[in-house]
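The chains referred to below are lettered A, B, ... by the order of the sequence lines, with proteins before strands, and numbering in each begins at 1. Note that the structure is a prediction, hence the values are computed from the model and not measured. Keep in mind that the numbers below use all heavy atoms, side chains included, and drop hydrogens, waters and symmetry copies.
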Amino acid sequence: MRQELDSIKQHYRQSSNPLLACSLIDAYGKCALLEDATRIFRECLIVDLVGFTSMITAYSQSGQGEEALKLYLEMLDRGIEPDPYVCSSLLNACANLSAYEQGKQVHVHVLKHGFMYDNFAGNSLVNMYAKCGSIDDAERAFSSIPERGIVSWSAMIGGLAQHGHGKEALRVFNQMLKYGVSPNQITLVSVLCACNHAGLVTEAQNYFRSMKELFGFERMQEHYACMIDLLGRAGRLDEAMELVNTMPFQADGSVWGALLGAARIHKNVEIGQRAAEMLLILEPEKSGTHVLLANIYASVGMWNNVAKMRRLMKDCNVKKEPGVSWIEVKDKIYTFIAGDRSHVQSEEIYAKLDELSERLSKAGYIPKVEFDLHNVERDEKEKLLYHHSEKLAVAFGLIATPAGAPIRVKKNLRVCMDCHTAFKFISKIVSREIILRDINRYHHFKDGSCSCGDYW
DNA sequence: ATAGGGTTAG
């Protein structure tokens, strides 16, 4: 692919056709060849709205949302007015970053320029607000879309699902059917996901069984993965295994991954080994498989096998992905890793954590040291837990945002059990809502409890 | 010429 693109680049160099430049930027971006895309963009003499949009989209789609937003400011500086395309791309960048404040600003531009007629802009708004942790704003944006299409409905249902509002998601789904809008396969993934996060097993099974006759399409891998995860969490591992065995096509990594997760919950070594074996063939580059299987072994006391997995990880050069958390304060995204002291306000952040620590223990919180797997003393474990990336981000949020303002944090992994407990206490002690987006759902901590109901 | 929704993994 790279060679084909480079040969097109030669044509471009000879012709200097700005239209070709945009397509090249787009193509390099879609192939994750960002440096090449940037070079074309900077070399191109005629840079207009579409050129900027191509580059902004390239950044956004390759996970460089901050670069996308920066480039947008440069575009505005040059006096170029936005269109619905660039707004849609920017909203997507904000969604990925969980950048609520900046997303709101793009929303203002959408309204100011009258782009709500454009479904892409409206749909992107729904998605952005849901991803930034504000399901209320997402619902308001959804209501303001003049003609809601299948993507609008799917985005709304998916958003509600990820926030744990399963029943509300199903209500919206039924409303959609009443309006005569036909769902597609993606809508049904969101519907099953909604059932999953709300523990609605029977409802999920009904949709899963009658998908073909009700809506006229076949099940996909993703539908199976969702059902297996759901059955696993509901304690029905045998049914989950049965589903994998009776699938009409070869199970892919998503299905085996769901089964491995279910096997861990139920400490089932046999099924865990089978799923891991398949995953190591299908997705050898991912680190989660080794870790999960090792945890299954550890949970049943098979320490020799735990050691074997550790060795295997070392031999295959597989590393655990480090935990990272982000928080947006006044148009800027701050990044934290565990034990981080690189932040300019580092001392204040750690002082805040110490202060919180004291108030938490008075409120009855006990650090869950069992979730720290380091081979150290209890004191040391407590300290390590206290310096998890999500706690640093929340502490910074408390310092850097006005009293009473909600704190929105994004984490690249699942929230740890200790942080989850601590945040429930903190939300009550400091009277703040904490909205945490982790790798697969949203947690709203308020008044001492979490919207996930401790089921996640 | 440029844009939107979903799933699994401590």
Side-chain angles (χ1 to χ4, degrees), chain A residues 17-27 29-30 48-58 60-61 82-93 95 115 118-128 130-131 142 145 149-159 161-162 183-194 196-197 220-230 232 251-265 275-276 279 282-283 286-296 298-299 320-321 323 371-373 413-417 439-440:
Chain A
N17 181 349
L19 272 63
L20 190 50
C22 293
S23 298
L24 263 174
I25 293 168
D26 179 50
K30 289 197 164 63
D48 61 355
L49 171 61
V50 179
F52 268 98
T53 306
S54 306
M55 195 61 230
I56 286 169
T57 306
S60 166
Q61 291 180 344
D83 71 349
Y85 285 78
V86 76
C87 287
S88 179
S89 255
L90 287 164
L91 289 168
N92 213 7
F115 296 153
D118 183 284
N119 250 4
F120 276 79
N123 299 342
S124 304
L125 273 174
V126 174
N127 181 47
M128 181 278 290
K131 293 264 160 63
F142 178 70
I145 296 175
I150 186 59
V151 177
S152 322
W153 289 97
S154 301
M156 192 65 246
I157 294 165
Q162 288 171 330
N184 60 23
Q185 291 170 311
I186 294 180
T187 322
L188 260 293
V189 174
S190 290
V191 168
L192 293 180
C193 171
N196 192 1
H197 286 308
M220 304 189 296
Q221 299 275 8
E222 290 89 336
H223 298 120
Y224 281 91
C226 238
M227 280 308 289
I228 287 156
D229 188 51
L230 182 139
D252 72 359
S254 69
V255 173
W256 289 113
L259 192 66
L260 180 60
R264 187 196 55 83
I265 294 171
L279 280 167
L282 294 167
E283 304 175 336
K286 301 201 179 174
S287 66
T289 307
H290 297 88
V291 177
L292 269 177
L293 186 56
N295 284 357
I296 295 177
S299 70
K320 175 194 168 298
E321 192 182 346
F371 291 97
D372 183 279
L373 303 174
L413 305 173
R414 284 188 139 191
V415 56
C416 110
M417 186 68 88
I439 189 126
N440 65 359

Please work out if [X] contacts a base, only the sugar-phosphate, or nothing of the nucleic acid, heavy-atom cut-off 4.0 Å.
X        : result
A:Gln185 : nothing
A:Asn17  : nothing
A:Met55  : nothing
A:Leu292 : sugar-phosphate
A:Leu20  : nothing
A:Thr187 : base
A:Ile150 : base
A:Asp118 : base
A:Gln61  : sugar-phosphate
A:Thr57  : sugar-phosphate
A:Gly149 : nothing

What is the distance, to the nearest angstrom, from the [atom1] atom on [X] to the [atom2] atom on [N]?
X        : N     : atom1 : atom2 : value
A:Leu91  : B:dA3 : CG    : P     : 14 Å
A:Leu125 : B:dG5 : CG    : C1'   : 14 Å
A:Leu24  : B:dT2 : CG    : P     : 12 Å
A:Gln162 : B:dT7 : CD    : P     : 5 Å
A:Arg264 : B:dT8 : CZ    : C1'   : 12 Å
A:His290 : B:dT8 : NE2   : C1'   : 17 Å
A:Lys286 : B:dT8 : NZ    : C1'   : 8 Å
A:Leu49  : B:dA1 : CG    : P     : 14 Å

Among [options], the nucleotide that comes nearest once only the side chain of [X] is considered:
X        : options             : answer
A:Asn184 : B:dG5, B:dT7, B:dA3 : B:dG5
A:Asn92  : B:dA9, B:dG5, B:dG6 : B:dG5
A:Met220 : B:dG6, B:dT2, B:dA9 : B:dG6
A:Asp229 : B:dA3, B:dG5, B:dT8 : B:dT8
A:Tyr85  : B:dG5, B:dA3, B:dA1 : B:dA3
A:Val189 : B:dG6, B:dA3, B:dT2 : B:dG6
A:Cys226 : B:dG5, B:dT2, B:dT7 : B:dT7
A:Val50  : B:dG5, B:dT8, B:dA1 : B:dA1
A:Lys131 : B:dA3, B:dG5, B:dT7 : B:dG5
A:Cys22  : B:dA1, B:dA9, B:dT7 : B:dA1

Indicate yes or no for a side-chain donor-acceptor contact from [X] to the backbone of [Y] under 3.5 Å, with no hydrogens or angles considered.
X        : Y        : value
A:Ser60  : A:Ile56  : no
A:Ser154 : A:Ile150 : yes
A:Ser152 : A:Gly149 : yes
A:Asp83  : A:Val86  : yes

Has [X] got a side-chain N or O lying under 4.0 Å from the OP1 or OP2 atom of [N]?
X        : N     : result
A:Arg414 : B:dA9 : yes
A:Lys30  : B:dA3 : yes
A:Asn440 : B:dA9 : yes

For a quick check, tell me whether the side chain of A:Ser190 and the base of B:dG6 share a donor-acceptor pair closer than 3.5 Å.
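Answer is no: no donor-acceptor pair is held.
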Give me the atom names and distance for the closest heavy-atom approach of A:Gly323 to A:Leu413.
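Nearest pair, atom of A:Gly323 first, then A:Leu413: CA-CD1, 3.7 Å.
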Do you know the tightest heavy-atom contact between A:Gly159 and A:Ala130?
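Answer, listing the atom of A:Gly159 first, then A:Ala130: CA-CB, 3.9 Å.
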From A:Val191, A:Val255, A:Ile228, A:Val189, residue fulfilling side-chain contact (heavy atoms from CB on, under 4.5 Å) relative to A:His223
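So, applying the side-chain contact (heavy atoms from CB on, under 4.5 Å) to A:His223 and each of A:Val191, A:Val255, A:Ile228, A:Val189, only A:Val189 qualifies.
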